[in-house]
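Working notes, structure below.
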Amino acid sequence: MRRRRAAGMTDPPPQRLCRFVASDWPSDDAIGAWRTTCLEWLREVAGRRLPFGECGDSVDVFRESRRITMEGLAGD
């Protein structure tokens, strides 16, 4: 079965949204800033996807932020 290309993949996400790097988000809540920016980027255009998780959608953003928090990668 051939997979269709997601509509939003013609508009690639900014590199800083593709994976969390704490130093890219200088704030007290770096993971929250990253999560909010990812969600806003997804909301701007229907069909956009991020290159992580099962679908690259908002649910995957929440799952990834939880994983990062649980693994202690947020750079506390």
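Heavy-atom basis, side chains included; hydrogens, waters and symmetry copies ignored. Along the sequence shown, residues are numbered consecutively beginning with 1.
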Any chance you could measure Asp60, atom CG, to Cys38, atom SG, to the nearest 0.5 Å?
11.0 Å
Restricting to non-hydrogen atoms, name the atom on Leu39 and the atom on Ser58 that form the minimum distance, rounded to 0.1 Å.
CD2-CB, 3.5 Å
Under the rule for side chain to side chain donor-acceptor pair (under 3.5 Å), what residues qualify as partners of Glu44, not counting sequence neighbours?
Arg48
Quick one: side chain to side chain contact (heavy atoms under 4.5 Å, CB included) partners of Thr37, sequence neighbours excluded?
Leu17, Trp25
Sidechain-backbone polar pair: Ser65 side chain, Phe62 backbone, donor-acceptor under 3.5 Å
yes
Looking only at heavy atoms, which two atoms of Pro13 and Cys18 are closest? And how far apart?
CG-SG, 3.8 Å
Charged N-O contact under 4.0 Å between Arg43 and Glu40:
no
Rounding to 0.5 Å, atoms CZ (Phe20) and CD1 (Ile31) come to a distance of 4.5 Å
CG on Leu50 to CG on Leu42, rounded to 0.5 Å
4.5 Å
Nearest heavy atoms of Ser27 and Ala30, plus distance in Å
OG-N, 3.4 Å
Out of curiosity, Glu54 CD to Arg63 CZ, how far, rounded to the nearest 0.5 Å?
6.5 Å
Side chain to side chain contact (heavy atoms under 4.5 Å, CB included) with Asp24: which residues, sequence neighbours excluded?
Arg16, Val21
For the student: nearest non-hydrogen atoms of Ile68 and Trp34, plus distance:
CD1-CZ3, 4.3 Å
